[in-house]
Amino acid sequence: MWIAIVTVGSDFLRLSAAPDLPMPAESVEVLLPVALDRSFTYSLPEDIIAPPGSFVEVPLGPRAVAGVVWGPGDPEVPAGKLKAVRQKLELPPLGDELRAFVDWVARYTLAPRGMVLRIAVRGARNPGDETPRSAVIATGSAPGRATPARTRVLATASDGVPRSKSDLARAAAVSPGVIDGLVADGALRIVEVIAEPIGSGLQPDLGRPELSEAQADIAALLQAAVRDRTGSTHLVEGVTGSGKTEVYLEAVAEALRTGRQALILLPEIALTQAVLDRVTRRFGGAPGEWHSTVSAKRRARIWTGTASGETRIVVGARSALFLPFRDLGIIVVDEEHDAGFKQEDVPVYHARDMAVVRGKLAEAPVVLVSATPSLESRVNADAGRYRHHLLPERFGGRTMPEIELLDLRADPPPPGRWIAPRLEEQVRDTLARGEQALLFLNRRGFAPLTLCRACGHRFACPNCSAWLVEHRFRRQLACHHCGHHEPVPPACPKCSTTDKLAAVGPGVERIRDEAAALFPEARLAVLSSDLVIGADSIRAELKAVEDHAVDLVIGTQLVTKGHNFPHLTLVGVVDGDLGLGTSDPRAAERTFQLLEQVTGRAGRGAIAGRGIVQTTDPLHPVMQALKNHDAAAFYAAEIDARADAMLPPFGRLASLVVSAPVRNDAEAYARALAQSFPASAPARLLGPAEAPISLLRGRHRFRLLLRADRTVDVPGLIRAWLAEAPRAPASIGLHTDVDPVSFL
DNA sequence: GCCCGCGTCTGA
DNA sequence: CAGACGCGGGCA
């Protein structure tokens, strides 16, 4: 009856408020976490009181499903169709703000509302009673015998936080036996603890760092935004090593001080132990950690903890954006340029952009943080939609690494090798000084292409338009798009010639072999996601590099993810041109971001760093931007090019993914759709001919691209078109991914 | 998303 | 002819 319409920038955000008098509801509208856009009306037994947001169990067909009361029931539904709510569930209700967010995201991403609700209720169950667990704390007395391992353990335990034996051993990187030894020695004591709510008991003023003037200024502005309860958006752009994390943690501290909660989003949380450690040090306790590998029980504790308000800080992957925060005071999106914020499955959404919307609904500032912002965020900052804060210098007087462009045409490596003499010499000098070097190549495996020298046959993926990559360590040929793999055959499948198969081009495994031959005395480590499997072993490898147990690192983009290597002084980029040759309109932007991040790993410690980028095109704008540390000029040029081409964020771009188990079905439907697109529409449809296909989770995917001027409501246009378009056979799925700018 | 019913296929 | 399997519709 009384609908409050909250307009934020456009009419996209509608927040429906409850009527001011609780009417005795006879029926309720219930949204269910299944692939349905519709909600259903159920009758409400007189003894159940279920205001909007309540969790209820309802019958759906033959099953009983837990859903959420979304509002009053639809009186138009004939009484004979109504089924009754079975029971109300003992769970904290979903607040108005989160329900409005679910509706908004579903409408914007063209996803069924139930699929969005599903994300918001993952973890919505009672964690049950907590049984006391045993933990160890430091007693304060010195051990009888001090070893480096023991010293590390006691340093870790000196904060007084009780930890389980295994957690403490892992945190100090020692074997569990060391802990038992210290307990026997009386330096550690076993205590029984009842687990506090996760992410609670945090102290905003515990580990306050010294801030530079520039850091303190930005921190003060962000803190004011937290206090003001405005849904403002901020872009904090600071070069690698400028201390961005300290700045946003001060804003997080302000949220804690004012009694509110904080959410820190990270693109790949399994790799970013560093941020968790820093939050723990800064606030004297661990935040809630939310990502796909967190156990169901921990999930439940964090979900209920955020709903009750006891969990004060959550550090999480994109789905943490749908947690039921009671009073959210700030959202931080760290590494905001990272493509990991994009969810490719239904609902297809970009967490950075959805964060902006949730921030507005929650009246909380959103802080986007990066050394290499996305073009979208740069444009939004330039246009004044986001406030732009710059940290142009490294913290503590450290300098940016000096970047050298190594022209591969003038100084090529010997045939069959990829490290040019000049880079080899620089690595040798670095190692001789006892410093650490990194050779970066963003390509897994041994060689990206295998061909038969006898007949010219090339090994291609049967499902995708891609070559198979040889993985010599695993003795396989693998497709990096769909995961197809086969053993390396002894002979050519086409002409049966043996011993004529040739590996073409380098991958990290091949660079490892080359480096091992060139620098036989160096301790090598390869950091590649297919060789280092599982979050724990990745963390262990990163720690070994951090501790200088490795001299020369050979790595893929795994090494660019938020880790500091204090001993690293030289970064060599083996193929700077990789990624620039594609037709992806974001190729230059992505390559710049990647190479700036990886060269920025050098010189974060006491010794100044250097970067050497091997390239065949030293005059390319990306190379010049790296060398001159002139991101501003690069961004300006890229933004102009985007504006001319009407690409996001100037034009609207949507992709529709048609997927089916059979490739021909997907293609036929994609064509049928394309033909039905009206010529008069204020947008152009591209594909499917020029669209790449791939196989993902057993389904062939065809992409259609829709390009429009920014004045078009793309989700609306697609909805209207699909209502008229040929209906998809049920075995064909259609995802939609709308580039988000319209809500700003 | 999940269940069910239906049509079709397969093997004895 | 029983049982398996894939597809499509409905779900209040």
Side-chain angles (χ1 to χ4, degrees), chain A residues 23-46 48-89 94 99 102-103 105-107 109-125 292 296 299 319 322 343-349 657-670 672-673 695-702 722-723 725-736:
Chain A
M23 304 283 285
E26 287 161 351
S27 69
V28 285
E29 196 73 20
V30 176
L31 188 63
L32 301 163
V34 298
L36 283 167
D37 195 49
R38 323 178 36 198
S39 45
F40 292 107
T41 297
Y42 289 86
S43 64
L44 198 63
E46 279 188 15
I48 298 180
I49 299 163
S54 306
F55 279 80
V56 288
E57 186 187 301
V58 294
L60 179 72
R63 322 173 261 163
V65 181
V68 177
V69 176
W70 221 248
D74 177 359
E76 303 287 302
V77 180
K81 274 197 120 181
L82 289 190
K83 291 185 186 172
V85 168
R86 289 243 182 104
Q87 58 166 323
K88 187 176 169 186
L89 300 170
L94 279 200
R99 294 200 321 280
V102 167
D103 283 339
V105 171
R107 200 177 150 76
T109 63
L110 301 168
R113 287 145 83 213
M115 287 300 280
V116 182
L117 178 64
R118 197 174 229 278
I119 307 174
V121 302
R122 281 201 70 182
R125 63 185 194 99
S292 58
R299 237 171 235 274
S319 63
F322 294 87
Q343 162 124 9
E344 305 279 355
D345 262 345
V346 178
V348 179
Y349 68 95
V657 177
V658 178
S659 74
V662 180
R663 181 174 161 157
N664 282 347
D665 291 357
E667 185 175 2
Y669 184 58
L673 267 187
L695 183 76
L696 195 71
R697 245 165 274 167
R699 293 179 74 87
H700 294 265
R701 296 156 63 99
F702 253 93
L722 290 179
R727 259 170 62 78
S731 59
I732 288 176
L734 188 69
H735 304 181
T736 316

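In what follows, every chain begins at residue 1, and chains take the letters A, B, ... in the order their sequences are listed.
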Within the structure shown, what part of the strands sits under 4.0 Å from [X] by heavy-atom distance: base, sugar-phosphate, or nothing?
| X | value |
| --- | --- |
| A:Arg118 | sugar-phosphate |
| A:Leu32 | nothing |
| A:Lys83 | sugar-phosphate |
| A:Leu60 | base |

Nearest-Å distance, [atom1] ([X]) to [atom2] ([N])?
| X | N | atom1 | atom2 | result |
| --- | --- | --- | --- | --- |
| A:Phe40 | C:dC11 | CZ | P | 7 Å |
| A:Arg86 | C:dA12 | CZ | P | 11 Å |
| A:Tyr42 | C:dC11 | OH | P | 11 Å |
| A:Asp37 | B:dC2 | CG | P | 18 Å |
| A:Asp345 | B:dG1 | CG | C1' | 14 Å |
| A:Arg63 | C:dG10 | CZ | P | 16 Å |
| A:Glu57 | C:dA12 | CD | C1' | 16 Å |
| A:Leu31 | C:dA12 | CG | P | 15 Å |

- Query: So which pairs with a foot in residues 111-125 of chain A pass salt bridge (Lys or Arg N to Asp or Glu O under 4.0 Å), sequence neighbours left out?
  - Reply: A:Asp103-A:Arg113

- Item | salt bridge (Lys or Arg N to Asp or Glu O under 4.0 Å) contacts in which one or both residues fall within residues 54-65 of chain A, not counting sequence neighbours | A:Glu57-A:Arg86

- Query: Counting distance only, does the side-chain N/O of A:Lys88 pair as donor-acceptor with the main-chain N or O of A:Ile49 below 3.5 Å?
  - Reply: yes

- Message: Evaluate A:Tyr42 against A:Leu82 for side chain to side chain contact (heavy atoms under 4.5 Å, CB included), listing each step before the verdict.
- Response: CA-CA 5 Å; A:Tyr42 289 86; A:Leu82 289 190; 6.0 Å; no

